[in-house]
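Only one structure is covered here, and it is reproduced in the block below.
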Amino acid sequence: MDGAIGSEAIDGIGSGGWSEAEAEVLLAGRYRLLPGRRIPSLDSPRALAYEAVDVEAPARALFCLISPVEALPRLPLARSLSATPVDGLLNPCAAGYCRWPSLGGAAAAFLFPRPKGSRLRPGAAAGLSTAELSRRVLKPLARVLATLEARGVTHRAIRADNLFWADAAESEIVLGECVSAAAGADQPALYEPLDRMTATQLGRGEGAPADDLYALGVTLIDILYGLRSGQAYPPHLVFRKLEHGTLTSLLPRVSPAPELAGLLRGLLSDEVRWRWTPRHLSRWIAGERVDPPSPSGQATAQRAIFVDKARFRSARSLAHGLSREPELAVKLLRDGTVEQWLRVSLGDARLASLVGREVQEAQKRPGARSSARNILLQRCCRLLDPAGPVRFGGISIMPDGVGTALAALVLQGHETSEFEALLRSLAANDLLGPVPEQDLASTDRFSAAVSFLNAGGPAGGVHRALYELNPDLPCMSPALTEPMSDVRELLEALDRGAFDLPDSGPLADRHVTAFVASRLGLHPLQLAGVAQNGNGQASDAQNELRLLGHAQAYYGPPALRALARAAAVRLSPIIRSIHNRADRKRLAAAIAACVEQGDLSSMIAHVDDVRVWERDRVGLQRARREFAMCSRELERLRDAERSGLSQAQREGQKVATAVSLSLALAIVCSVLAIS
């Protein structure tokens with residue numbers, strides 16, 4: 001699961017082998033994107049950089065980033081930043097989906113002005129004085145963060161290699177892009193706060209401004225002192241953060257200047273409530289005295305606890321270790337090993353009692369064995385690491401990253417049954433229960449998604465849950481040439497593709513129906529059909545047509561002739577199910593007229609006409625009654641006929657007997673007379 005959701009990079013996105021003669025891609029009607037001209041120095045972790053040209057202003061220095069749709073790029077944020085740029089940020093000029101040659105399909109394209117200065121490297125600011133660091137680096141970054149906070153959005157991609165000098169003179173910093181992948185997905189674990197660092201990359205969530213401030217603190221350490229060798233962060237640093245906290249782990253051998261020490265303590269507080277805000281940072285830059293929070297830490301045990309061959313000395317790191325070995329973790333919980341270690345070695349009797357109580361309650365919890373095990377493990381990990389991710393089976397995600405994590409699974413074609421079980425447990429509040437400050441709004445959101453997850457038909461299932469949890473996600477149907485957010489354009493694309501549809505099967509795939517139902521706000525129960533003929537295929541076709549008809553009535557276009565023709569073919573079993581020949585002909589004629597007009601909404605209105613079905617029902621009942629009466633009368637006549645025939649036979653037998661006797665008597669008399 002971790003590999004599926006949190007892969008470090010997307011492979012195969014353009015190898016740079018395209019020649020300059022390759023076809024160009026046009027974005028927004030004016031920007032020429034050049035697949036044959038790579039700019040590796042401007043790559044992002046999940047997106048590759050290429051040259052671009054503005055047709056209306058060829059002199060502008062531009063480049064584009066091409067991101068695969070599986071990276072879940074932040075298109076709505078990109079369009080917002082394009083419309084209203086943020087000073088000091090690398091804002092997109094345009095953004096949209098396109099067909100990219102090396103991907104062989106759809107991709108997200110982001111156009112940017114080319115930075116005039118070079119990209120920063122670790123240790124690049126080592127020679128700067130505190131005043132220079134404040135003026136050239138911190139002041140522009142603080143301005144960006146304050147603006148983003150005012151807009152209610154997060155950057156979630158602040159790191160040393162995502163900073164650029166604004167000009168060749170290196171006068172000040174420009175913060176790099178934040179739209180080519182899901183929030184936090186490009187961040188090395190070292191740059192993430194303790195609560196989010198162990199979540200899978202595409203499940204880290206949008207986060208809060210405090211997460212951007214934390215990333216800024218790590219960035220400062222990186223550009224001042226250097227944290228890494230090339231692109232590889234030492235793995236032991238990530239684990240050390242869990243055990244000993246951020247500052248102790250990242251600055252073990254460096255003693256920053258007193259004023260910088262206070263700044264770093266404010267930005268890197270592991271307690272979110274004590275971490276600085278953009279306002280604190282601006283005050284510090286202005287020279288005001290801002291008291292940093294006291295150094296925060298967590299209790300560590302003298303004697304470690306072992307999970308497999310790994311040893312852990314803090315509750316937070318133990319939660320991470322248990323989640324990586326679910327089978328062994330449940331054994332250690334149930335046999336009392338964890339409770340005993342918490343009570344004796346860590347000296348936290350309260351926490352030990354809570355964990356012991358959860359283990360006892362798990363014995364009474366109904367449900368499948370694997371589900372009960374996963375719930376027990378998550379609830380205990382939540383006690384050990386209250387702010388950490390949801391750890392369920394092989395899944396580790398933040399509550400606000402559930403939507404992107406599910407999208408990653410569905411788009412990559414992975415199995416979702418375990419994730420569906422996670423959603424149901426979240427909706428039932430089985431996983432966040434131990435935490436008093438649980439987010440009730442999130443629970444309601446999960447409950448709504450699960451109601452769609454459990455529903456059948458074209459408007460339900462896991463795809464509907466996907467679009468409910470990701471309201472900004474476009475329709476990701478593989479049948480489309482590119483993802484689409486506009487329902488009208490989607491219907492027009494379906495109409496163009498309807499010419500190639502076979503005479504049976506769905507009009508649209510589950511992505512399309514779930515996306516349209518989500519945009520219309522329709523529950524699957526609202527698509528229940530009037531006609532009940534027992535034909536599953538016809539019923540599905542009716543529900544699909546009702547859904548698409550609603551969409552056409554609300555969004556347009558007025559004519560969808562090819563789609564209407566395909567729908568009419570699929571409705572033929574329903575039309576044939578009408579018993580009254582005249583009504584059947586009238587409905588068939590009305591459907592044919594709707595096909596000519598391309599009007600799906602009128603077509604389903606005819607099919608859903610209650611009067612037609614009621615008249616057919618009443619007429620059928622009357623015909624059945626009359627048939628029964630006729631059958632009974634016919635049987636009576638047959639009985640009478642059989643009764644009359646029997647009487648005639650008896651009378652005939654009497655006459656025949658009398659005649660026979662008369663003949664016999666005459667013969668006897670004649671014989672006697674002769675004698």
Side-chain angles (χ1 to χ4, degrees), residues 2-16 25 27 33 35 38-50 52 63-78 81 90 92 95-112 119 154-164 175-192 196-197 199-207 211 215 228 230-233 397-398 401 403-414 470 472-474 476 482-483:
D2 284 0
I5 296 181
S7 56
E8 292 292 338
I10 302 295
D11 295 328
I13 311 173
S15 60
V25 176
L27 180 68
L33 314 182
R38 288 271 288 111
I39 315 176
S41 62
L42 294 176
D43 285 348
S44 284
R46 294 174 190 263
L48 301 185
Y50 297 82
F63 78 101
C64 68
L65 286 176
I66 303 300
S67 179
V69 294
E70 294 84 358
L72 302 173
R74 305 165 81 184
L75 261 296
L77 176 58
L81 294 174
L90 193 62
Y97 290 103
C98 65
R99 303 284 293 180
W100 196 254
S102 60
L103 286 177
F110 303 92
L111 196 80
F112 296 94
R119 190 192 294 264
T154 53
H155 189 280
R156 300 291 282 117
I158 300 174
R159 56 185 182 274
D161 62 2
N162 199 25
L163 299 176
F164 300 86
L175 180 56
E177 63 92 13
C178 58
V179 295
S180 65
D186 285 346
Q187 292 293 82
L190 209 60
Y191 277 81
E192 287 286 278
R196 296 182 184 270
M197 65 182 289
T200 50
Q201 288 178 292
L202 287 174
R204 288 174 174 169
E206 291 288 327
D211 300 314
R228 57 185 180 171
Q231 295 295 320
Y233 286 86
I397 53 176
M398 296 300 294
T404 52
L406 176 59
L409 285 180
V410 174
L411 295 183
Q412 295 174 22
H414 292 286
N470 296 277
D472 293 327
L473 188 69
M476 306 299 290
E482 63 184 55

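Keep in mind it's a predicted model, so treat the numbers as computed, not measured.
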Is there a side-chain contact between Leu27 and Cys64 (heavy atoms, below 4.5 Å)? no

Closest approach of Ala107 and Ile66, non-hydrogen atoms and distance? CB-CG2, 3.7 Å

Interatomic distance, OG1@Thr154 vs CD@Glu206, rounded to 0.5 Å, equals 5.0 Å

State whether the side chain of Ser67 and the backbone N or O of Ala47 hold a donor-acceptor pair below 3.5 Å, judged by distance alone. no

Taking all non-hydrogen atoms of both residues, which atom of Phe63 and which atom of Ala49 are closest, and how far apart? CD1-CB, 4.0 Å

Considering non-hydrogen atoms only, spot the tightest contact between Pro35 and Trp100 and give its length. CA-CZ2, 3.5 Å

Smallest heavy-atom separation, Phe110 atom then Pro73 atom, equals CZ-CB, 3.5 Å

Glu192 side, atom CD; Arg156 side, atom CZ - distance, nearest 0.5 Å: 4.0 Å

Should Leu75 and Val179 count as side-chain neighbours, where that means a heavy-atom distance under 4.5 Å? no

Roughly how far, to the nearest 0.5 Å, is the CD1 atom of Ile158 from the CG atom of Leu163? 8.0 Å

So, His414 side chain and Ala408 main chain: donor-acceptor pair closer than 3.5 Å or not? no

Asp186/Arg46 ion pair, N-O < 4.0 Å: yes

Any sub-3.5 Å donor-acceptor pair from Asn162's side-chain atoms to Leu175's backbone N or O? no

Where is the tightest heavy-atom contact between Arg159 and Pro45, given as atom of each residue plus distance? NH2-CD, 3.2 Å

Check the pair Leu72, Leu411 against side-chain contact (heavy atoms from CB on, under 4.5 Å), reporting the backbone distance first and the verdict last. CA-CA 9 Å; Leu72 302 173; Leu411 295 183; 3.7 Å; yes

Ring of Tyr50, cation from Arg38 - is the NZ or CZ under 6.0 Å from the centre and inside 45° of the axis? yes

Give, for atom CG of Leu65 and atom CG of Leu33, the distance between the pair rounded to the nearest 0.5 Å. 10.5 Å

Side-chain heavy-atom pair Phe164, Leu42 within 4.5 angstrom cut-off: yes

Let me confirm one number: the CG-CZ distance from Asp43 to Arg119, rounded to the nearest 0.5 Å. 7.5 Å

Looking only at heavy atoms, which two atoms of Asn470 and Thr404 are closest? And how far apart? OD1-N, 3.5 Å

Taking the side chain as everything from C-beta on, heavy atoms only, tell me whether Val25 gets closer than 4.5 Å to Pro101. yes

